[in-house]
Peer 1: 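Mind having a look at this structure? Questions to follow.
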Amino acid sequence: MMEIDRADGRTPNQLRPLACSRNILHRAHGSASWSQGNSLSFFWFWSHGSAGDTKVLAAVYGPKAGTKKNENPEKACIEVIWKPKTGQIGKLEKEYEMILKRTLQSICILTINPNTTTSVIVQVVHDDGALLTCAINAACAALVDAGIPIKHLAVAICCCLAEDGYVILDPTKLEEQLRFGKVNKDLCNTNVFEHSGKFYSIAENQIAQEIDIISRETLGNWDVNGAWKRPFSSHPKVLDLQT
Amino acid sequence: MGLPNVSGDLSAEMEVDAFRRLFPLRFYERHLSESIRPDARPLGRARDTTLALGAVASADGSALAKIGSTTMLAAIKMEVMSPSTDSPDEGCIAIDFHMPPICSPIVRPGRPVEAAPVVSKQLSDTILSSGMINLKELSLVSGKAAWMAYLDIYCLDADGALFDAALLSAVAAFSHLQIPIVSLNDDGKIVVVSEEGEGGKLDKEPVNKEKRKLTLRSLPFSLTCILHKNYILADPTAEEESIMETLVTVVLDSSSRLVSFYKPGGPVLAYTSAVQDCVALTRQRVKELKKILDEAVSGMEID
């Protein structure tokens, strides 16, 4: 794979440092904050975030009684509200809401609390690339913090397809806009992680595959001994949700 | 009507329509196991598609697209504006998608529909990133005047696969678009030359001599599929979309290159084989749509 120079010196496959924190908002039933970027210390984490930092705060309220008019009352319903950092709510926010809603509905066990609505409010604190992926991770962590029954975690990663065909992971806003044109988040969300000494590559649209990290050969599919039949795409270095 | 037992023949206990309303998923699965859908289509086939260009006489370019019952009316109006400073020799396109209450019983007057801004954004992204239109062609006088194309798409009947029909109508409207003739008057402003007055007071020669069409490269065409268990249903109706919620939209250009692959969540996960099958179905559909568009355009030129 061709080596390209990224502005912050990362390799094409390298992600920015992640940080996750839960139970930040005391009135919400569950809350979490997810940041991808150069958070230098705990204090940075609580401030606006430095220039190279995408930070999203998610809050979960629910389950509340009753569903909206067009929703199926036999199942629980998830409602997502996306709040941008500045400006009015427009089409982009509506699209993010729709994508988040469908993603979260697919991970929650909707039959447990029928005829209820769980609201997920996503607040963008700072956007420096990979915003939707940060929001998905934050929303999932917030659902876990709230104790909403979910089947498994949803994780997301953003990758950018450049014109020459090479892929970079976790682009910053500058990379998204200037060099590489539009981010194609839905086409290739992939990542590589290490577990029990073996290396795996995961993509949003397929099951995890074990790879040989040196030769980058694919050694076969990995489904956690049959327990995990779904694809998962994210930073598997999801941090410890401190108890 | 007692509760039907799972193994029994339910049609004996209940009318088909009642069963379809009460147990929609089971109704569909009974059909899918025979590789057919309730409207007698095989799983991979799209509905009948028709295209009519020039549906709106007052617009510079327009088209009416129907895929099954889903009807979309697209119209383009051109206006002269001054280009932005970072791209002085490029025009601009503004795309908007509307779902008036006529299109569906779910849409109520006064309440904005959830689907409309999402389809609108998807359309803008697809059309602008497919490279169909060269914005430099929309320039009139570099740095001073350029065309702004307002593309409005109205959904007249929402019966599933809204994005596909909307994209088809947008592409057809751009194929039909004729840029009006303009001239520069004394104040240095661009005015549109009207059709009737040939002997009018034209202080300068028209900036463009005759109405011209845009050169469109790589037209994008799309197909929406539903994933359900291991079935892939092409071109869903509204009923199918509401029951089986996992949608995948693939957009290919006329040389079969992938422009966009869009799967917004959903309970079913797409493995590599499903992705490849969706792309293959789209490839077939692109050929059909190209043929329909070519016929419609050549039909207009004969007139």
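Side-chain atoms are counted along with the backbone in the values below, which use heavy atoms only and exclude waters and symmetry mates.
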Peer 1: Assess whether atom CD of B:E239 is packed by more than 12 heavy atoms of other residues, nucleotides or ligands within 6.0 Å.
Peer 2: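 Yes - once you tally the heavy atoms of other residues, nucleotides and ligands closer than 6.0 Å, there are more than 12.
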Peer 1: Does atom NZ of A:K94 have more than 12 heavy-atom neighbours, drawn from other residues, nucleotides or ligands, at distances under 6.0 Å?
Peer 2: no
Peer 1: Shortest non-hydrogen contact from B:G266 to A:S106?
Peer 2: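 Minimum heavy-atom separation between B:G266 and A:S106: O-CB, 3.2 Å.
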Peer 1: Going from CG on A:L161 to CG on B:L258, what distance comes out if it is rounded to the nearest 0.5 angstrom?
Peer 2: 9.5 Å
Peer 1: What salt bridge (Lys or Arg N to Asp or Glu O under 4.0 Å) pairs are there with at least one residue in residues 244-257 of chain B, not counting sequence neighbours?
Peer 2: B:D253-B:R257
Peer 1: According to side-chain hydrogen bond (donor to acceptor under 3.5 Å, both in side chains), who are the partners of A:E95, at least two apart in sequence or on a separate chain?
Peer 2: B:K121, B:Y262
Peer 1: So for A:L104, is it side chain, backbone, both, or neither that comes closer than 4.5 Å to the heavy atoms of chain B?
Peer 2: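 The answer is neither part of A:L104.
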Peer 1: Name all residues meeting the ring-ring contact (aromatic ring centres under 6.0 Å, His included) criterion together with B:F174; count only those two or more places apart in sequence or in a different chain, and write none if there are none.
Peer 2: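 If we apply the ring-ring contact (aromatic ring centres under 6.0 Å, His included) test to B:F174, skipping adjacent residues, there are no hits.
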Peer 1: Do you know the tightest heavy-atom contact between B:V118 and A:M98?
Peer 2: CG1-CE, 3.2 Å
Peer 1: Do other residues, nucleotides or ligands put more than 12 heavy atoms under 6.0 Å from A:K83 NZ?
Peer 2: no
Peer 1: Report yes if some heavy atom in the side chain of A:R102 is under 4.5 Å from a heavy atom in the side chain of B:L247; otherwise report no.
Peer 2: yes
Peer 1: Return the minimal non-hydrogen interatomic distance between A:K91 and B:S120, and the atom names on each side.
Peer 2: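 Scanning both residues, the minimum pair turns out to be NZ-OG, 3.1 Å.
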Peer 1: Of all heavy-atom pairs between B:G265 and A:T103, which one has the smallest distance, and what is that distance?
Peer 2: CA-OG1, 3.8 Å
Peer 1: May I ask you to list the residues in residues 87-110 of chain B that approach chain A closer than 4.5 angstrom, counting heavy atoms only, ordered by number?
Peer 2: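 Expected list: B:I95, B:D96, B:I106, B:R108.
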